[in-house]
Structure formats: C-alpha cells, structure tokens
Amino acid sequence: MGESVKDILKADDFSKSDLVKLLQTEGEDKAFLFRRSSEIKEKYIGNKVWFRGLVEFSNVCGKDCLYCGIRKGNKNLKRYSLTDDEILAAARFAWENRYGSIALQSGEMESRYITDRVENLLHKIKELSNGELGITLSVGEQESEVYQKWFNAGAHRYLLRVESTNEELYRKIHPNDHKHDFRRRLDCLKNLQEIGYQTGTGVMIGLPFQTIEDLAGDLIFMRDFDADMCGMGPYIEHADTPLIEHAGKLLPLKERFDLTLKMIALLRIMMKDINIVAATALQAIDPLGREKAIKIGANIIMPNITPGRYRDSYKLYDNKPCTDDSAEDCQSCLEARIGMADAEIIYGEWGDSQHFDKRRNNITVKRHRG
Ligand code: SAM
C-alpha cells in the first residue's frame, strides 16, 4: 500500500505520481485536500479577493485554435472591436468604482496597428486614472519588442495560458502550422518574464485526449516556470469548433469542474503566494463555481465590464454566463456572491502577486552579488 493522501498532504511540494493520486481524490480525502488549501490561502493571502475589470475589446482573431469559439474559421460570429472611447469608458468605470485593476483581452492579432493602438490606450488609461489603475494584458503571442513597448507604456501583468504543457496534446488541439507553435508560446512566456511582467499562465482542464498525468505535468510546469499568476478553467465545448466532434469522449461537466477545483487547490498548496483566478468558465458549469474556487484557493475575480451589447459575441464556449448583464449588474451580483464565500473584496488596491515581489527581490539580490 502506498502513502495515504493525508500523509502526502503533510508536505507542500509533490512528485508527479503524488499529484496524479491527489487529483483522483474523492470523498473524505477530497474534503481534506480542500481544507488544507483553504487554510494555506487564509494564512498566506487572507480571505481576500481582488478585482480585474475585464474588457474583451475585440473578438477578431488571426488564429484557429480548435477549441475556441472566436477562432478565425468560425463564420457564425459577428466580429467586433470596441472603439477607443468605449475602452476608455470601461476603464473609467473600473477606476470610479475603485477596482484596483483592469484586464484588456482580445483575439490574437499581430500587426503594427495593434501594437500602436494598445500602446496608445495604455498611456490614456494611465492618464485618466492618475496612474492608479493596474493593467493586465491578455493579447496573446507577440514579438518581444512589442511586449517591451507595452510594458514601457504601463502594462505590468500579462496572462498567456500555455493551454496544455504536453506538446503532443497541444498539437491535437491546434492546427499544425507556424501560427500555432507550442515552442513559440513557451518562448513568449519566457520573454514576458524577462521583460519584468508579472507573468501568468494556465491550462484548460478536461480537454479531449487529456489525461490526469497531463494535468499533473501542467502543475509541475507552473511551479518550475515560477509563474506569478495562474488562470485555469474547465474546457467547455463550443458547437462551432472542430473539437466538437470529440464531445462524446469528454468527462461529464461536473467532473471537469471538480478536477478544476482540485487543480486550484493543489496549485495553492504548491505556490502559496501567487495570484490565482477564479475563472468565469467555472460559473458556466455551477452557478456558485467561482465562489467555490475562492474558498479553496483562488484570490482574483475578473468581473466583465465589456459593454453589454458585445458580450454575446465573445463566446469562447457554449453557455458563457453573464453575457446579457451590465457592468453595474456584474458588480452587485459579485459582491453578494463573494460575501457568500466569506471573503472580502479589496477595493482600490492592485492586488499584485506577492510571489512576483519575492522573485524580483531575489533577482536584484543575485544581480548585486553577481
Ligand atoms: N488570444 C489570447 C490568448 O490566447 O492568450 C487571449 C484570448 S483567448 C480567447 C483566452 C482564453 O480562452 C484562452 O487562453 C483559452 O484557454 C480560453 N478558451 C478558449 N476556448 C475555450 C473553451 N472552449 N473552453 C474554455 N476555455 C476556452
């Protein structure tokens, strides 16, 4: 007989085989895992949640990821790009409502026009908020010079999910061409980290062909990459994507949800001081999904502040929640929900990753010594 789950959980770092075992816990063992991750969150982060007002500023995408509803090949979708004024109004809403930060997200486009536009918007957002709004970008793979320009213009966090760290699986869920190159995604993550961004990554959970070993490998990747932030959520099928043909092979939604909570709990135990997002996709499966994630380890929520009329067109997966809410509805609904998770929303603070501060101090100490 191997070690019991309780024994494995006495440590706070795990081997791949430990993680495989922990990801399969049920009943009392699963409850024990969640209690342990909650305690760690309470001790290192506190019972706190920070907001990133999410602006999905364009669904125009140059990529064709086989799982994603806004992929270039999906013709059943009205494409949109918010005007600069609409983006700035959303940023102002976030600032006036004392959200510490916003996150600008879009489909993946690389061009001089996009580079300049985002750079210009960053300057304007900093200006309208007296430098007070923190800014996360999630605009996909870009050249290092572009990341540097945006960093210089005021973005200080970047979220780029690796999607899966098993290269073979990555190839099964993307077209095999230079635009969807696993190695480039990894290079981009390294570049972001070197430039000095708080760097976030993450994966989808419950993808077709994905194994428990793959998920254990994903957790090890995040630890070894020394991620400052993580956003991971359940994969949810979308009828207008090629992966729908494998829908019959998927785990039931409830199991994908449960696995996501276990991934969050384990990551919190392994990486005590990072920021972990309670992904919106959790709420597509369970109305209290994000609150459950907060209880067991997550500390970041991304209330959607995209103008309501566009939300239906940023459908990454079927049944995406809150697509007909306004930003105000979203806020009051979240306040009530987070209260249910016994957590407190911290207004007016950036809520930076503590892990990043420590990593940066380490780098400085090493430089001085070197
Ligand atoms: N293009 C940027 C990028 O790739 O980083 C940002 C936008 S992309 C739509 C944001 C995230 O949506 C992806 O990283 C992916 O993990 C998630 N996503 C896309 N399709 C999904 C699906 N069917 N189920 C769950 N998450 C999905």
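Every number for a ligand or one of its atoms is a count from 1 in the order of the listing. Remember, it's a predicted structure, so these values are computed and weren't measured experimentally. Along the sequence shown, the residues carry numbers beginning at 1.
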Q. What pairs with K254 under side chain to side chain contact (heavy atoms under 4.5 Å, CB included), at least two apart in sequence or on another chain?
A. D258
Q: For Y170, enumerate each residue passing the ring pair (Phe, Tyr, Trp, His ring centres under 6.0 Å) test, keeping only those at least two apart in sequence or located in another chain.
A: H174, F182
Q | S58 and S81 side chains, donor-acceptor separation under 3.5 Å | A | yes
Q: Assess the side chains of E237 and Y67: does a donor N or O sit below 3.5 Å from an acceptor N or O?
A: no
(Q) Could you work out, with ring pair (Phe, Tyr, Trp, His ring centres under 6.0 Å) as the rule, every residue matching W95, not counting sequence neighbours? (A) none
Could you go through ligand 1 and note, for every N or O atom, any protein N or O atom closer than 3.5 angstrom, writing the atom names and distance to 0.1 Å, or 'none'?
{"residue": "ligand 1", "atom": "1 (N)", "partner": "S106", "partner atom": "O", "Å": "3.4"}
{"residue": "ligand 1", "atom": "1 (N)", "partner": "E108", "partner atom": "OE1", "Å": "3.1"}
{"residue": "ligand 1", "atom": "4 (O)", "partner": "E108", "partner atom": "OE1", "Å": "2.9"}
{"residue": "ligand 1", "atom": "4 (O)", "partner": "R185", "partner atom": "NH2", "Å": "3.0"}
{"residue": "ligand 1", "atom": "5 (O)", "partner": "R185", "partner atom": "NH2", "Å": "3.3"}
{"residue": "ligand 1", "atom": "14 (O)", "partner": "E163", "partner atom": "OE1", "Å": "3.4"}
{"residue": "ligand 1", "atom": "14 (O)", "partner": "E163", "partner atom": "OE2", "Å": "2.6"}
{"residue": "ligand 1", "atom": "16 (O)", "partner": "R161", "partner atom": "NH1", "Å": "2.8"}
{"residue": "ligand 1", "atom": "16 (O)", "partner": "E163", "partner atom": "OE1", "Å": "2.6"}
{"residue": "ligand 1", "atom": "23 (N)", "partner": "Y67", "partner atom": "O", "Å": "3.1"}
{"residue": "ligand 1", "atom": "23 (N)", "partner": "I236", "partner atom": "O", "Å": "2.8"}
{"residue": "ligand 1", "atom": "23 (N)", "partner": "L316", "partner atom": "O", "Å": "3.4"}
{"residue": "ligand 1", "atom": "24 (N)", "partner": "I236", "partner atom": "N", "Å": "3.1"}
{"residue": "ligand 1", "atom": "24 (N)", "partner": "I236", "partner atom": "O", "Å": "3.4"}

Q) Side chains of T306 and N304: do they bring a donor and an acceptor to under 3.5 Å? A) yes
